[in-house]
Amino acid sequence: MKLSKIYDPREMNSYQFVATTGLVMSLVANLIMLLLGKTVDNFNALYVCWIAFFILGTIANFNSKPGDHDHHHHH
């Protein structure tokens, strides 16, 4: 089990990459809302979705064979 598939962007599959980007964007949006004093109902549900997406992507990544090259930066 290669743990680098979880934290190394080069080892991530496209699902993990999208989920990571989504999480970062959500965090940034959350910070901006905090600065503006705004709140959005159920905003935290976004984090749950991104984390679930990332976990599913990680499972798919671990199940993929080294021959299946589905790296997002080769497209």
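Worth saying up front: this structure is predicted, and the values here are computed from it rather than measured.
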Passes side-chain contact (heavy atoms from CB on, under 4.5 Å), Trp50 versus Val18? Steps please. CA-CA 9 Å; Trp50 289 128; Val18 169; 4.1 Å; yes
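In this structure, Asn42 places its CG atom where only 12 or fewer heavy-atom neighbours from other residues, nucleotides or ligands lie under 6.0 Å away.
Applying the side-chain contact (heavy atoms from CB on, under 4.5 Å) test to Thr58 and every residue at least two apart in sequence or in another chain returns Ile6, Gln16, Phe54, Phe62. For Ile55, the side-chain contact (heavy atoms from CB on, under 4.5 Å) test picks out Ile51, Ile59, with sequence neighbours left out. Judged as a salt bridge (charged side-chain N to carboxylate O under 4.0 Å, His left out), and not counting sequence neighbours, Asp41 has no contacts.
In summary, the side chains of Asn30 and Tyr47 do present a donor paired with an acceptor at a separation below 3.5 Å, with no hydrogens or angles considered.
A heavy-atom distance below 4.5 Å is not found between the side chains of Thr39 and Met33.
Hydrophobic clustering (side-chain heavy atoms under 4.5 Å, transitive across Ile, Leu, Val, Met, Phe, Trp, Tyr) keeps Phe43 apart from Val24.
Formation of a donor-acceptor pair under 3.5 Å by the Lys5 side chain with backbone atoms of Glu11 is not found in this model.
Atom SG of Cys49 is separated from atom CG of Asn44 by 11.0 Å, given to the nearest 0.5 angstrom. Atoms OG1 and CE, from Thr20 and Met12 in turn, are 4.0 Å apart once rounded to the nearest 0.5 Å.
Between Gly57 and Asn13, the shortest heavy-atom contact is O-ND2, 2.8 Å. In this structure, Leu46 and Ser26 approach most closely via the heavy-atom pair CD1-OG, 3.9 Å.
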